[in-house]
Amino acid sequence: MNYDFANIEAKWQKIWEEKKLYAAQDGGEKEKFYALVEFPYPSAAGLHVGHPRPYTAMDIIARKKRMAGMNVLFPMGYDAFGLPTENFAIKNHIHPRIVTENNIKNFRRQLKALGYSFDWDREINTTDPKYFKWTQWIFLQLYKNGLAYKAKMPVNWCTSCKCVLANEEVVEGVCERCGAPVVRKEKSQWMLRITKYADRLIDDLEGLDFIDRVKAQQTNWIGRSHGAEVKFRSTLGDEILVYTTRPDTLFGATYMVLSPEHPLVAKWMDRLNNVPEIKAYQAAAAAKSDLERTELNKEKTGVKLDGVMGINPVNGKEIPIFISDYVLSTYGTGAIMAVPAHDDRDWEFAKAFGCEIVEVVAGGNVQEAAFTLKDDTGIMVNSGFLNGLTVKEAIPVIIKWLSEQGIGEPKTNFKLRDWVFSRQRYWGEPIPIIHCPKCGEVPMKEADLPLLLPDVESYEPTDDGESPLSAITDWVNVKCPCCGGDAKRETDTMPQWAGSSWYYLRYMDPHNDEALASKEMLEYWSPVDWYNGGMEHTTLHLLYSRFWHKFLYDIGVVPTKEPYAKRTSHGMILGENPHYVGNFEKQEDKDAMIAKYGSDALRPAVKMSKSLGNVVNPDDVIREYGADTMRLYVMFIGDFEKAATWSPKAVKGCKRFLDRVWAMAENVSDMETEYSKANTSLMHKTIKKVTEDIDNLKPNTAIAALMTLINQIDKTCNRAELKTVLQLLSPFAPHICDEIWEQKGYEGICSVSAWPQYSEEKCKDSEINIAVQVNGKMRGTVLMDADLSDEQVVANVVADEKISRFLAKQGGSIVKTIVVKNKLVNLIVK
RNA sequence: GCCGCUAUGAUGGAAUAGGUAGACAUAGCAGACUUAAAAUCUGCCUGGGGCAACUCAGUACCGGUUCGAGCCCGGUUAGCGGCACCA
């Protein structure tokens, strides 16, 4: 009865591989379709159950498109540089290259065991010199175009990884990867000028088929705001440039605030009267970690600069100047005009420091709270020539006035910062730059790429913030490619995000030695038609790769402005929470759990983790139920976009379903070539449903439709129907379908057979249950022929015994009827 | 605080464009088969009332639009995710 999934799956995986059944063709008549999933980081732990969810979903889409006659590119690879491998290597004294090789072997085995239709001939590995040669090449192009530069600046330093982090890698003041506190450190770092692309990274989202939350998050992260830069003066004669999004409130600026690091503070220092106080504040601000700065954001602190005043350019008023860490040195000009009446933060600060609050937009009570409305309900007051205008009208007027006076101009600012691109670690792409005492920074010659990592004994990170590579003198010391004199290599390496920023291009032409990919292949395969990946990469990998792609477009390497035409995202797979208080009967046990685990104890499902012991290993599931069941279950688990909880019990339901399909097939022995009359409309409806659901990324309801179909036809299924069932099920559970297909003697191989067609005409039923409402309430159904005229439908309904009885009881007469064709009748009775 | 999202049985979730709420599955209950268990098969499975035909209520809460609202509009509550002193 039960089918032998282990042998069947091994058999078909071997056949697919030997026949290269799913290899993409580099050209041809068929329409191309490039389906992409995020390649994994090959960790020592192996594949997590989270991986198969997106992989299976895209495999289903790839398989269905292939069956529908498209030339599908569905590749896989490994994003293998990175810290966990390096840390594992250090701990176990194994070279990271060996660790990586072993991990990849394990990942490949697991991916193959799931029966994915990847084109394995295109597999890539970011740590392969043949691959990272081109990562380095792209870096050189960025460098030559002024988009890679070295700068000394405060950077995020992870105290545990002993390495700098990009802004995108710092989450709530701690390291995204290890959770250790991040501190600010002044260091010279390689930077990539992603800010140059800020506008295009927002504007070009418009034409893309990305899910809205991805667009919203990227737009938010880039953080574009429109306003003006305005020149204030100080009583000491210096110009103080501020940025504001509310130039309309200029008359309400009653003090100014500089960031503690602002250069004017140092310049003024010897003319100020409270230097010790100022210096103490600066020192305290500098010592704060990001975490402290955000945690302590309730109370406003600051110091007034005693001995200097600002001058408001619109009214000539002298106003005090403070330093405070609520003004950031890294945003805008690092200095603000404070309008306490109309900005919450300024208001709080003004209350704390007793500054004047002047209302310039009517509508609130500015002594009670800041009035921050920006819409056109507010009317300007106390604002000279702006009085009487709405906020909306005032903004262009004041901006025009400022530019005419030469004291201000419109300005757009972004929250996005340039990308900190160097890491002080061993296991990454070496940066192909040489530092020469005579010539300065010299890029390596492209012909000399790849620049390999030296083989070393120790790759421990250093406490002083130098890369481990700096200790390898044979490697570090080189001749300058420019003057031939003694020079040194750059010893920092690239971040993990480098290799993944362009990997989708390499799949198009993975073995090319002359270029990252040939023009023809880039032209043929670009763009990626459908890219699915995690939301956690929205402001990291996804943004970075869009940036690199746009740059490559600008220098003529790639043919499209955007890398990915469509982006979707899957929900996480969670594990059952062993600490969930719902599991405890006694109140005191619950209370103890809540005291111990906090709000986590209130969640029935949480992220899987080793410490909770709720991790599910795909190998175990495959061993017990088979890959087809695993695939089916991760698709059936729930709405693809939402988080779902792994339920060991529910897996069984999917196995049962496959057993039923197997059993049903065993009983089919006729030689029918057409659907039976009784099953025709159901067959066509199911083809339609499965086809559309796959295209709309609704695998859960596609599977439900197949289950419904089997529930209905398993006693009567004929040979023609079985064929269609196998084809519809094949993308989800390819092994069992190919096996039954072969055993039943259908032609060819099921998983590359032609996708079944449906006709709208045949989806229709000849008889339909019409829903009947009286005054909008359901009162029953009446079975009748389809496509009757409205009059006939109403006549049938009124003639129905049950309905007529109800109407008689109800009294009154029918004053109106609403008929929805083949669906419903609503009788309005009064 | 800002941005985005969600709320449906015991549980995961269905419900194309406003038209039969709870498809499909899990768990549970009852029965068949079995020495027994597992597996399998059949039936029940939102709540209240009724022997029953039937009937009343029901998609977080309050209100609205509509012949008709889980779906649209206004408000509220709770939760999730992202950003967060960004001027």
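Quick note on labels: first sequence line is chain A, next is B, and so on, each numbered from 1.
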Exercise for the section: Could you check whether R779(A) gets within reach of a base, just the sugar-phosphate, or nothing at all, counting any heavy atom under 4.0 Å? Expected result: sugar-phosphate
Problem - Nucleotide paired to rU76(B) in any strand shown, Watson-Crick or G-U, under 3.5 Å - result: rA60(B)
Problem - Value rounded to 0.5 Å, distance of CG in L201(A) from CZ in R546(A) - result: 5.0 Å
Practice task
Rounded to the nearest angstrom, tell me the gap between atom CG in L682(A) and atom P in rA23(B).
Solution key: 17 Å
Exercise for the section: Would you please test L542(A) and F210(A) for side chain to side chain contact (heavy atoms under 4.5 Å, CB included) and show each step? Expected result: CA-CA 11 Å; L542(A) 193 68; F210(A) 284 16; 4.2 Å; yes
Exercise for the section: Look up atom CD1 in I321(A) and atom CG in L305(A), then write down how far apart they are to the nearest 0.5 Å. Expected result: 6.0 Å
Problem - rC73(B) versus rC24(B) - spacing of their P atoms, nearest Å - result: 31 Å
Exercise for the section: For G653(A), answer base if it contacts any base atom (sugar-phosphate contacts may also be present), sugar-phosphate if it contacts only those atoms, and nothing otherwise; contact means non-hydrogen atoms under 4.0 Å. Expected result: sugar-phosphate
Handout entry: Gap in Å between the two P atoms, one belonging to rA10(B) and one to rA23(B), rounded
Key = 14 Å
Practice task
Assign A338(A) to base, sugar-phosphate, or nothing according to its heavy-atom contacts below 4.0 angstrom with the strands shown.
Solution key: nothing
Practice task
Just call it for S647(A): base, sugar-phosphate, or nothing, with non-hydrogen atoms closer than 4.0 Å on any strand.
Solution key: nothing
Exercise for the section: Answer with base, sugar-phosphate or nothing: what part of the nucleic acid does L824(A) contact at a heavy-atom distance below 4.0 Å? Expected result: base
Practice task
Determine if the base of rG9(B) is syn or anti; take syn to mean the glycosidic torsion is within 90° of 0.
Solution key: syn
Problem - Option among Y255(A), Y326(A), F322(A) that satisfies the ring pair (Phe, Tyr, Trp, His ring centres under 6.0 Å) test with F353(A) - result: F322(A)
Handout entry: OP1 or OP2 of rU40(B) under 4.0 Å from side-chain N/O of R660(A)
Key = no
Exercise for the section: State the pairing partner of rC29(B); accept Watson-Crick or G-U wobble contacts with both distances under 3.5 Å, and report none otherwise. Expected result: rG43(B)
Problem - Inter-nucleotide C1' distance (rU11(B), rG81(B)), Å rounded - result: 23 Å
Exercise for the section: Describe the nucleic acid contact of I818(A) in one word from base, sugar-phosphate, nothing, applying a heavy-atom distance below 4.0 Å. Expected result: base
Exercise for the section: Would you mind classifying the nucleic acid contact of N711(A) as base, sugar-phosphate or nothing, using non-hydrogen atoms under 4.0 angstrom? Expected result: sugar-phosphate
Practice task
Looking at every strand, decide which applies to F657(A) at a 4.0 Å heavy-atom threshold: base, sugar-phosphate, or nothing.
Solution key: nothing
Exercise for the section: Output yes when at least one side-chain N/O atom of R656(A) is less than 4.0 Å from OP1 or OP2 of rU26(B), else no. Expected result: yes
Problem - The single option from D639(A), N532(A), T56(A) passing side chain to side chain donor-acceptor pair (under 3.5 Å) against H570(A) - result: N532(A)
Completion exercise
Of L788(A), T817(A), N822(A), V782(A), the one forming a side-chain contact (heavy atoms from CB on, under 4.5 Å) with V793(A) is L788(A)
Exercise for the section: Mind listing the residues from residues 408-415 of chain A sitting with a heavy atom below 4.0 Å of RNA chain B? Number order is fine. Expected result: K415(A)
Practice task
In whole angstrom, give me the gap between the C1' atoms of rG19(B) and rG74(B).
Solution key: 24 Å
Handout entry: N/O (side chain, K777(A)) to phosphate O (OP1/OP2, rA57(B)) under 4.0 Å
Key = yes
Exercise for the section: Return the 5'-most residue of the pair R213(A), G776(A) with respect to RNA chain B, ranking by each residue's nearest nucleotide. Expected result: R213(A)
Exercise for the section: May I ask you to verify if any side-chain N or O of Y331(A) is less than 4.0 angstrom from the OP1 or OP2 atom of rA87(B)? Expected result: yes
Fill in the blank from the handout: I395(A) CD1 to rA87(B) P, in whole Å, measures 13 Å
Practice task
Give S225(A) one of three labels, base, sugar-phosphate or nothing, depending on what nucleic acid heavy atoms sit under 4.0 Å from its own.
Solution key: sugar-phosphate
Problem - Exam field: side chain D248(A) to backbone V391(A), donor-acceptor pair closer than 3.5 Å - result: no
Exercise for the section: Using a 90° cut-off around 0 for syn, call rA30(B) syn or anti. Expected result: anti
Handout entry: Under 3.5 Å: donor-acceptor pair, side chain of D800(A), backbone of K802(A)
Key = yes
Problem - Side-chain H-bond candidate by donor/acceptor type, S259(A) with Y331(A), under 3.5 Å - result: no
Exercise for the section: Using the P atoms only, state how far rC2(B) lies from rU76(B), rounded to an integer number of Å. Expected result: 12 Å
Fill in the blank from the handout: Partner of rG68(B) under the Watson-Crick or G-U wobble criteria, both distances under 3.5 Å, comes out as none
Exercise for the section: Quick one: label Q217(A) by what it contacts on the DNA or RNA (base, sugar-phosphate, nothing), any heavy atom closer than 4.0 Å. Expected result: sugar-phosphate
Handout entry: Watson-Crick or G-U wobble partner of rG12(B), both distances under 3.5 Å
Key = rC24(B)
Problem - Any donor-acceptor pair under 3.5 Å from D418(A) side chain to I194(A) backbone - result: yes
Handout entry: Selection: residues 695-704 of chain A, any non-hydrogen atom under 4.0 Å of RNA chain B
Key = N700(A), T701(A), A704(A)
Completion exercise
Assign each of K652(A) and K823(A) the nucleotide of RNA chain B bearing its closest heavy atom; nearer the 5' end lies the nucleotide of K823(A)
Completion exercise
Side-chain atoms of D639(A) come closest, of rG13(B), rC3(B), rA23(B), to rG13(B)
Practice task
Could you check whether F806(A) gets within reach of a base, just the sugar-phosphate, or nothing at all, counting any heavy atom under 4.0 Å?
Solution key: sugar-phosphate
Handout entry: Distance in Å, R53(A) CZ paired with I573(A) CD1, rounded so as to fall on 0.5 Å steps
Key = 5.0 Å
Handout entry: Any side-chain donor near an acceptor of the partner, T372(A) and H342(A), under 3.5 Å
Key = no
Practice task
Using the C1' atoms only, state how far rC3(B) lies from rA17(B), rounded to an integer number of Å.
Solution key: 28 Å
Problem - Rounded distance in Å between the C1' positions of rU20(B) and rG1(B) - result: 45 Å
